[in-house]
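Keep in mind that what you see is a predicted model, and the values were worked out from it rather than measured. Order of the sequence lines sets the chain letters (A, B, ...), proteins ahead of strands, with each chain counted from 1.
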Amino acid sequence: MPELPEAETIVRGIRPAVSQRQVERTQVLRPDILRVPTRTFANQVRGRTILTASRRGKNVIMEVHGGGVIAINLGMTGRVLTFPSPPRGRLRPTHPAVRLYFDDGSVLVFDDQRRFGTVEFLEADAWVHRSSNMGPEPLASTFSSRQLHAAMARSRSPVRSWLLDQKRIAGVGNIYAAEALFLAGVHPRRPARSVSEQEAKELYRELRRVLRKAIEAGGTTIRDYRNAAGEEGRYARRLHVYGRDGDACSACGSEIQRIVFSNRSAFFCPRCQPEHVSA
DNA sequence: AGTGTATCCTGCAGGC
DNA sequence: TGCCTGCAGGATACAC
């Protein structure tokens with residue numbers, strides 16, 4: 001999906017537009033985006049006033065007065081777009097799925113070409129429960145490399161799969177997992193528990209760095225991602241390995257490789273990220 | 001516990 | 001030009 005930096009960019013973009021806005025009306029063009037019947041969703045959301053927008057992992061959260069949240073999972077192609085008034089012309093969303101009409105005449109549109117995304121309303125306790133099943137935020141000040149190392153030490157799973165598991169760490173997807181592993185010099189298929197304390201330290205540092213840099217660049221647009229204003233992210237040209245198989249490694253000149261495991265492509269430099277490390 | 005496979009869905013690029 | 005295959009920032013369910 002849009003991963004953590006893309007969700008963060010969206011949240012920053014919509015925050016001024018949705019804060020203190022009351023949802024006057026909802027319009028569901030694609031009911032499969034919801035997890036409840038359209039009528040139920042309308043009743044859950046209508047009349048609610050948004051406090052602010054925030055992010056948890058890859059999810060865009062709109063907190064409402066009195067507790068509860070509208071949670072948006074962006075899936076692969078989800079966009080959250082805000083407009084001062086109903087959009088028309090060429091700026092119109094291409095695959096609108098859900099619209100929230102606010103009391104000031106502005107509109108929030110969840111647009112999703114492939115419709116893997118979801119929009120749901122969760123009461124406060126349900127949201128707390130949902131969030132508690134997600135791993136720590138990698139950019140949180142309370143998240144440490146020791147914590148990362150200790151958690152990885154318990155898993156035989158390939159480190160790339162480990163990073164993609166939202167229950168283990170929140171917000172990391174295929175792009176930033178690939179980039180962080182490259183920058184840390186760790187082969188994506190190595191068992192998580194084979195990652196040494198020193199390597200975990202590197203991985204921790206590079207993961208946080210790459211996520212921060214990507215946020216600064218407004219995220220990565222491969223094809224579909226757009227921010228709340230419909231603009232592309234600028235991080236794509238900074239990618240070292242993701243989608244760059246066949247290119248020369250920026251560090252050593254070796255050819256970047258693409259392999260597939262767990263049904264996802266993994267990109268790495270065979271020289272900078274040896275699979276088998278000698279002790 | 002972990003893997004591979006399939007599924008949800010649309011659209012694009014590349015090969016022929 | 002068109003047809004076909006493979007592939008895509010995600011998540012989940014299943015059999016093994």
Side-chain angles (χ1 to χ4, degrees), chain A residues 1-11 29-35 55-60 71-80 93-98 110-120 130-131 133-135 138 151-182 188-194 207 210-211 213-215 217-228 231-246 258-267:
Chain A
M1 112 160 115
E3 307 181 28
L4 185 156
E6 291 74 35
E8 180 64 28
T9 303
I10 288 171
V11 163
L29 299 94
R30 293 292 194 167
D32 55 355
I33 290 297
L34 308 177
R35 294 194 173 178
R55 178 191 59 74
R56 177 76 171 104
K58 306 172 185 177
N59 300 281
V60 172
I72 301 178
N73 185 299
L74 300 159
M76 290 283 255
T77 52
R79 300 173 176 174
V80 182
T94 54
H95 298 75
V98 177
F110 179 63
D111 183 278
D112 190 0
Q113 177 186 111
R114 291 174 71 183
R115 304 205 302 283
F116 290 169
T118 55
V119 177
E120 36 181 349
R130 174 79 60 90
S131 181
N133 285 327
M134 299 172 61
M152 288 199 305
R154 285 185 261 113
S155 173
R156 307 163 116 81
S157 167
V159 62
R160 196 276 308 260
S161 306
W162 195 96
L163 289 169
L164 292 192
D165 187 343
Q166 302 300 296
K167 293 189 292 298
R168 290 168 157 150
I169 186 165
V172 182
N174 211 20
I175 293 179
Y176 301 109
E179 295 301 301
L181 288 168
F182 167 74
R189 205 155 49 189
R190 279 181 50 198
R193 64 190 227 171
S194 79
L207 178 62
V210 79
L211 292 174
K213 293 272 184 197
I215 291 170
T220 301
T221 295
I222 301 295
R223 187 175 287 120
D224 303 293
Y225 167 72
R226 297 292 186 278
N227 68 13
E231 301 156 341
E232 299 187 357
R234 303 177 307 278
Y235 198 76
R237 58 186 190 83
R238 312 265 266 285
L239 298 174
H240 291 98
V241 290
Y242 182 85
R244 294 203 173 283
D245 47 317
R258 170 181 173 268
I259 57 174
V260 177
F261 63 93
S262 304
N263 265 340
R264 314 286 305 270
S265 291
F267 304 90

What's the shortest heavy-atom distance between A:Leu181 and A:Pro188, and which atoms?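 Looking at all heavy atoms of both residues, the closest pair is CD1-CA, 3.8 Å.
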
Restricting to non-hydrogen atoms, name the atom on A:Arg160 and the atom on A:Ala266 that form the minimum distance, rounded to 0.1 Å.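 Minimum heavy-atom contact is NH1-CB, 3.7 Å.
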
Taking [atom1] from [X] and [atom2] from [N], how many angstroms apart are they, rounded to a whole number?
X        : N      : atom1 : atom2 : value
A:Met76  : C:dG9  : CE    : P     : 5 Å
A:Lys58  : C:dA11 : NZ    : C1'   : 9 Å
A:Asp224 : B:dT10 : CG    : P     : 14 Å
A:Arg35  : B:dC8  : CZ    : C1'   : 12 Å
A:Leu29  : B:dC9  : CG    : C1'   : 16 Å
A:Asn227 : C:dG9  : CG    : P     : 21 Å
A:Asn133 : C:dA11 : CG    : C1'   : 14 Å
A:Asp111 : B:dC9  : CG    : C1'   : 14 Å

Please figure out whether A:Lys167 or A:Val260 has its closest DNA chain C nucleotide nearer the 5' end.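 Checking each residue's closest nucleotide, the 5'-ward one belongs to A:Val260.
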
Return whichever of A:Arg114 or A:Leu164 has its heavy-atom-nearest nucleotide of DNA chain C closer to the 5' end.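 Whichever sits nearer the 5' end wins; that is A:Arg114.
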
Please state the C1' separation for the pair C:dG6 and B:dA6 - nearest whole angstrom.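 Taking atom C1' in both C:dG6 and B:dA6, they lie 16 Å apart.
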
How far does the P atom of B:dC8 sit from the matching atom of C:dC3, given to the nearest Å?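 Between the two P atoms, the distance is 24 Å.
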
State the CD1-CZ distance between A:Ile33 and A:Arg115, to the nearest 0.5 angstrom.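 Here the rounded value is 7.0 Å.
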
With sugar-phosphate meaning primed atoms plus P, OP1 and OP2, does [X] contact a base, only sugar-phosphate, or nothing at under 4.0 Å between heavy atoms?
X        : value
A:Ser265 : sugar-phosphate
A:Tyr242 : sugar-phosphate
A:Arg189 : nothing
A:Asp112 : nothing

Can a side-chain donor-acceptor contact be found between A:Arg258 and A:Ser265 if the only test is distance below 3.5 angstrom?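 Result is yes, a qualifying pair exists.
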
Looking at residues at least two apart in the chain, or sitting in another chain, which of them share a ring-ring contact (aromatic ring centres under 6.0 Å, His included) with A:His240?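 Partners of A:His240 under the ring-ring contact (aromatic ring centres under 6.0 Å, His included) test: A:Phe182.
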
For A:Tyr176, enumerate each residue passing the ring-ring contact (aromatic ring centres under 6.0 Å, His included) test, keeping only those at least two apart in sequence or located in another chain.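 A:Tyr176: no ring-ring contact (aromatic ring centres under 6.0 Å, His included) contacts found.
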
So, using side-chain contact (heavy atoms from CB on, under 4.5 Å) as the criterion, who are the partners of [X] when residues are at least two apart?
X        : result
A:Arg226 : A:Arg79, A:Thr221, A:Glu232
A:Ala180 : A:Leu203, A:Leu207, A:Val210
A:Ala151 : A:Arg154, A:Trp162

Base, backbone or nothing for each nucleotide of nucleotides 11-16 of chain B, written B, S, -, heavy atoms under 4.0 angstrom, 5' to 3'? S-----

What residues form a salt bridge (charged side-chain N to carboxylate O under 4.0 Å, His left out) with [X], not counting sequence neighbours?
X        : result
A:Arg168 : A:Asp165
A:Arg55  : A:Glu8, A:Glu137
A:Arg35  : A:Glu120
A:Asp245 : none

Give each protein N/O atom lying under 3.5 Å from an N/O atom of nucleotides 2-4 of chain B, with the pair distance.
unit_1 : atom_1 : unit_2   : atom_2 : d
B:dG2  : OP1    : A:Ser155 : OG     : 2.9
B:dG2  : OP1    : A:Arg156 : N      : 2.6
B:dG2  : OP1    : A:Ser157 : N      : 3.1
B:dG2  : OP2    : A:Arg168 : NH2    : 2.9
B:dG4  : OP2    : A:Ser262 : N      : 3.3

I'd like to know if A:Arg115 reaches the base of B:dC9 with its side chain such that a donor and an acceptor end up less than 3.5 angstrom apart.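 Looking at the base of B:dC9, it does not pair with any donor or acceptor on the side chain of A:Arg115 (distance under 3.5 Å).
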
How should the glycosidic conformation of C:dG6 be described, syn or anti, under the criterion that syn lies within 90° of 0?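 Anti.
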
Can A:Phe116 be classed as stacking with the base of B:dC9, given a centroid separation cut-off of 5.5 Å and a plane angle cut-off of 30°?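 Given the distance and angle limits, no, they do not stack.
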
Base-pair map of DNA chain C as dot-bracket, where | denotes pairing with a different strand and pairs are Watson-Crick or G-U under 3.5 Å: .|||||||.|||||||

